[in-house]
Colleague: 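Quick one: structure below, then a few questions.
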Amino acid sequence: MSHNNQQSSDGRHDDDTALTEFLASLMDYTPTIPDELVEHYLAKSGFHCPDVRLTRLVAVATQKFVAEVASDALQQCKARQSAVVKDKRDRQQKDKRLILTMEDLSKALRESGVNVKHQEYFADSPSTGIDPASREE
Amino acid sequence: MKQIIKTKSKRKQYQSIAEDEEEETPTEFSFKLTRVAVSQICRSMGFMAAQRSALETLTLITSKYLEEVAKLASSYSHESNRTQSNIFDLINALNDMSSPIQGFVGAATVHDSCLLSCGVLKEISGFVKCTDEIPFAKPIPRNYAATLSMSRLKRTVSKPNSMGLKSHIPRWLPAFPDAGTYKERKEMVCIRKTGHLWENSEFVQENESKYGGVVERILGGDLAVERGKVSFKFGVKAARNGL
């Protein structure tokens, strides 16, 4: 029993040092979301902490969230494009650019629990809503 | 060839649409900064371009995420009677943000085991290790708002000093208005009222023509004498009503 306790306290100690090291490494890391911006949002919601490392942690967590959503959307985009290429070779050139679209984003966000709904007639591009057959002409 | 021309014209249309929408977007400074950061992240993930609506949606979600994390963390700190949040509040908040949706390693035992060893932190540290640093496009002036408010504070503080600060009034209270504004006010109001009451009577018009700009003061002085006529008229009405 005492042995177990000792083990867990050792483990806790290891976690503690790992966390301290991680937080210390955040001091050298520059997140894409600047500290000032994060501080603004934190202050807006009543979060008060003078420690810069916590601000950085929030920034990194948010960056991770956005990056995950973006990579999901990218996968959606690539999958859609490969399906299109199978259908028609000619359109490969045109559709090869990787563009973040509402369609892919809403699919990616749904995986993170956000339901994005926009009107069906929402015209993002001039060709939206036009029949694909008539678009080809 | 036709297709190329078509795409060019479409691009022009895209641009014009983008410009139109740019005017309509919320002009909040923080939102625009977040949009820059989000687009940088999207670009680092491999996107070449983005629809404006999609980018704005993602920016909105990002700002909501930030606010939600902060709100959860501060509520955790308030639950334990603290005003300042610490790392444990933040970890709890991050756990709450990710657990109901995707789940993470050790989500089932998150409240049993030590918070410091939770999966969310490990995932974040892994993310930090494996992603390159992409600094924000442009440095932001840090204390812009703070200096603004400080200068405003100084301005308000300097006023009572010049007027002579009384010892029993705390320094942080806003300055008193000019002494002239509240000392002469009664007189002004009185004059205005009388002027308003008498503005259509023949007496005022006569006096205006006689004395020009000094009319108001004369009105105030002669009021007691001239009121007799008016009160008599109203008095008759009141007497009739009373009868």
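Just so we're on the same page: letters track the sequence lines, and every chain starts at 1.
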Colleague: Kindly give the heavy-atom pair with the smallest separation between A/Q63 and A/Y29, and that separation in Å.
Modeller: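 Answer, listing the atom of A/Q63 first, then A/Y29: NE2-OH, 4.0 Å.
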Colleague: Select one option (side chain, backbone, both, neither) describing which atoms of B/I134 are under 4.5 Å from chain A's heavy atoms.
Modeller: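 Contact with chain A: backbone and side chain both.
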Colleague: Among A/D104, A/L57, A/I33, which residue has the highest count of heavy-atom pairs closer than 4.5 Å to chain B?
Modeller: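 Ranked by heavy-atom pairs under 4.5 Å with chain B, first place is A/L57.
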Colleague: Please look at A/V60 and chain B and tell me whether the side chain, the backbone, both or neither of the residue comes under 4.5 angstrom of a heavy atom of that chain.
Modeller: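 Both backbone and side chain.
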Colleague: Under 4.5 Å from any heavy atom of chain B, what part of A/L105 do you find: side chain, backbone, both or neither?
Modeller: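 Just its side chain gets close to chain B.
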Colleague: Using a 3.5 Å distance criterion without hydrogens, assess whether the side chain of B/E67 forms a donor-acceptor pair with backbone atoms of A/S45.
Modeller: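 Judged by distance alone, no pair lies under 3.5 Å.
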Colleague: Would you mind checking which part of B/T131 comes under 4.5 Å of any heavy atom in chain A, side chain (CB onward), backbone (N, CA, C, O), both or neither?
Modeller: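 Both parts, backbone and side chain.
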Colleague: I'd like to verify something: which residue of B/Q40, B/Q84, B/K129 has the highest number of heavy-atom pairs under 4.5 Å with chain A?
Modeller: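 Ranked by contacts with chain A, first place is B/Q84.
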Colleague: Name the member of A/P50, A/A18, A/C77, A/S25 that forms the most heavy-atom pairs with chain B at distances under 4.5 Å.
Modeller: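 Option with the greatest count: A/P50.
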Colleague: Do the side chains of B/D89 and B/R82 get close enough for a salt bridge, i.e. N-O under 4.0 angstrom?
Modeller: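 Yes, B/D89 and B/R82 are salt-bridged.
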Colleague: Taking all atoms of both residues into account, what is the closest heavy-atom pair of B/M45 and A/A70, and its distance?
Modeller: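 Distance-wise, the nearest heavy atoms are CG-CB, 3.7 Å.
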Colleague: Between chain B and each of A/L23, A/L42, A/L26, A/L54, count heavy-atom pairs under 4.5 Å; write down the option with the most.
Modeller: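 If we count pairs closer than 4.5 Å to chain B, A/L54 comes out on top.
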Colleague: At what distance, to the nearest 0.5 angstrom, does CD1 of B/I41 lie from CD of A/E68?
Modeller: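 B/I41 atom CD1 to A/E68 atom CD measures 11.5 Å (nearest 0.5 Å).
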Colleague: Check whether A/V116 gets within reach of chain B through its side chain, its backbone, both or neither, counting any heavy atom under 4.5 Å.
Modeller: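 Only the side chain of A/V116 comes within 4.5 Å of chain B.
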Colleague: With a 4.5 Å cut-off on heavy-atom pairs, point out which of B/V38, B/N86, B/L58 contacts chain A the most.
Modeller: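 The candidate making the most pairs under 4.5 Å is B/L58.
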Colleague: If I measure from the heavy atoms of chain B, does A/K44 come under 4.5 Å with its side chain, its backbone, both, or neither?
Modeller: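 Answer is side chain: those atoms of A/K44 sit under 4.5 Å from chain B.
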Colleague: Minimum heavy-atom separation for B/Y65 to A/A61, with atom names?
Modeller: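 Closest approach of B/Y65 to A/A61: OH-O, 4.0 Å.
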Colleague: Between B/V128 and A/F22, which heavy-atom pair has the shortest distance, and what is it?
Modeller: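 Shortest heavy-atom contact: CG2-CE1, 4.0 Å.
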Colleague: Under 4.5 Å, counting heavy-atom pairs only, tell me which of B/G46, B/P135, B/S75 racks up the most with chain A.
Modeller: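 Sorted descending by pairs with chain A, the first entry is B/G46.
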Colleague: Quick check on B/T83 against chain A: is it the side chain, the backbone, both or neither that has a heavy atom closer than 4.5 Å?
Modeller: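 The answer is the backbone of B/T83.
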Colleague: Closer than 3.5 angstrom, by distance alone: can the side chain of A/R56 be matched with the main-chain N or O of A/M27 as a donor-acceptor pair?
Modeller: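 The answer is yes, because a donor-acceptor pair under 3.5 Å joins these two groups.
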Colleague: By a 4.5 Å heavy-atom criterion (distance strictly below it), what part of B/T34 contacts chain A: side chain, backbone, both, or neither?
Modeller: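 Interface part for B/T34: both.
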Colleague: So which residue, A/S106, A/A73, A/A59, A/A108, ends up with the most heavy-atom pairs under 4.5 Å with chain B?
Modeller: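 Looking at each of A/S106, A/A73, A/A59, A/A108 in turn, A/A73 comes out on top.
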Colleague: Closest heavy-atom contact between A/A67 and B/F127?
Modeller: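 In terms of heavy atoms, the two residues are closest at CB-CE1, 4.0 Å.
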Colleague: Is it the backbone or the side chain of B/F47 that comes under 4.5 Å from a heavy atom of chain A, or both, or neither?
Modeller: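 Both backbone and side chain of B/F47 come within 4.5 Å of chain A.
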Colleague: Assess the side chains of A/T101 and B/Q51: does a donor N or O sit below 3.5 Å from an acceptor N or O?
Modeller: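 Absent: no donor and acceptor within the cut-off.
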